[in-house]
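See structure below.
Quick caveat, the model's predicted, so the values are computed rather than measured. Heads up: numbering here begins at 1 and tracks the sequence. Whatever order the structure lists ligands and atoms in, that order sets their numbers, starting from 1.
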Amino acid sequence: MNTQEKTEKYVMKTYNRYPVSFVKGEGCWLYDEEGKKYLDMLAGIAVCNLGHCHPKVSEAICKQAKTLIHTSNLFHIEPQAELARLICENSFGEKVFFCNSGAEANEGAIKLARRYGTEVDPEKFEIIAFENSFHGRTMASVSITGQGKYNQGFGPMLTGVKFAKFNDLDSVKEVVSEKTAAIIVEPVQGEGGVVPAKKEFLEGLREIADRVNALLIFDEVQTGVGRTGALFAYQNYGVEPDVMTLAKALGNGVPIGAIVAKGKAANVLKPGLHASTFGGNFLATRAGVEVIKEITKLGFLEEVKEKGRFLVEKLKELQREFPYLIEGVRGLGLMVGAVMKVECSQIAGKALERGLIINCTAGKVLRFTPPLVITKEEIEKGIEILRDILREL
Ligand SMILES: *Cc1c(COP(=O)(O)O)cnc(C)c1O
């Protein structure tokens, strides 16, 4: 049996997979079993921000794997402490909790918010989330995900969750009260179609959260770790949350998640209140240390911004060429969406056949989240492939 047959027979079909299995990756390039090469402008869904098998990360993981992998959090863990220090010194954060995925980080952030709120008042447990948001697949994180397709048939959902409209402060004012424990928002909605928050919106959420003594939580699982041209997306906006969740790119492919908190949120979770067996183990946090070191190198994030502008410019050229196919281009840094006038999963499929990896999210948005190390030449190459496809539509 080959990989595809085995997958069909033995793996739960929770994904519709493309008929490709990659065997090797380097930088922005992936290679399949036949040796065909693909330009990766998705990076494993905004995960491999330093490119595939970044030498520094791979070397550090190999070395760590031969030294010590796991001891549990009953003991101190050097790379965990160092990664927490690097995150805090490069952000608003004061304390970090490590887990293993984005959903898990959001799950923990909700628990933190509930504990924080109910210590003030037993009735203060409500969470405000947004329509079209995406926060993960655990019960609590689907409960705060504002897209029906993710929670249908899994009810009842967590109670005490209210939804407001993204980029609409009035809709938040309608549901907020002294019972609100937290407001959770993605600075740029990812799965919802690459929709950046407006500056005034995040500023307004900060004010509203302060007024009712609620925590402001930014889900930076997708936007964090350099993706938007700042180490964390909130830094583009000048609005600080109380809590931030991270995952995807933090380990460049090694599973890791984190909750970052400050001030009144930093010391809510005490011994026994929350835990994770694997969370923050040697292997994952060693990868994280290398990732943060690389991304905070002088000039790296400036280049991400520059390349993000370049990609947007190139996509806008395509929009002028194909105004009947492309409605608009939006994004922040190297998190970019081309809003199509047609359903776009077909386009992503055709791109794959021609050796370009992109994906289609929210039905009509072609999403580009390439490795941050992509070059302008590689961006141009991707645009050329896309142009050929659009010509034939
Ligand atoms: C991917 C994602 C998650 C879920 O992360 P998992 O690691 O798949 O659990 C949560 N929030 C946002 C914004 C994401 O993009």
Self-check item: Under-4.0 Å protein heavy-atom contact, atom 8 (O) of ligand 1
Solution: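 Given the 4.0 Å cut-off, atom 8 (O) of ligand 1 does not count as touching protein heavy atoms.
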
Quiz item: Would you call Lys314 and Glu317 a salt bridge, taking side-chain N to carboxylate O under 4.0 Å as the test?
Solution: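 Looking at Lys314 and Glu317, the cut-off is met.
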
Quiz item: Do NZ/NE/NH1/NH2 and the carboxylate oxygens of Glu119 and Arg115 come within less than 4.0 Å?
Solution: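 Answer for the salt bridge query: yes.
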
Self-check item: Between Asn49 and Asn252, a side-chain donor and acceptor under 3.5 Å
Solution: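 Asn252 and Asn49 do not have a side-chain donor-acceptor pair below 3.5 Å.
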
Under 4.0 Å to a heavy atom of [X] - the qualifying atoms of ligand 1, by number:
X      : answer
Ala103 : 4 (C), 5 (O), 6 (P), 9 (O)
Gln222 : 15 (O)
Ser101 : 7 (O), 9 (O)
Asp219 : 10 (C), 11 (N), 12 (C), 13 (C)
Glu186 : 13 (C)
Asn106 : 10 (C), 11 (N)

Quiz item: For atom 6 (P) of ligand 1, what is the nearest protein heavy atom, given as residue, atom name and distance?
Solution: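 Its nearest protein heavy-atom neighbour is Gly102 N, 3.5 Å.
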
Exercise. Name the closest protein heavy atom to atom 14 (C) of ligand 1, giving the residue it belongs to and the distance to 0.1 Å.
Key: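 So the nearest neighbour among protein heavy atoms is Lys248 NZ, 2.9 Å.
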
Practice problem: If the plane angle is over 60° it's perpendicular, under 30° parallel, otherwise tilted; pick one for Phe232 and Tyr234. | Solution: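 Parallel: the ring planes of Phe232 and Tyr234 meet at under 30°.
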
Quiz prompt | Spacing of Leu372 atom CG and Met335 atom CE [to the nearest 0.5 Å] | solution =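 The distance works out to 12.0 Å.
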
Quiz item: Quick one: does Leu386's side chain get under 4.5 Å of Ile358's, heavy atoms only?
Solution: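 Leu386 reaches Ile358 side chain to side chain.
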
Practice problem: May I ask you to check if Lys24 and Tyr31 form a cation-pi contact, with NZ or CZ under 6.0 angstrom from the six-membered ring centre and within 45° of the axis? | Solution: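 Geometry flag: set, cation within 6.0 Å and 45°.
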
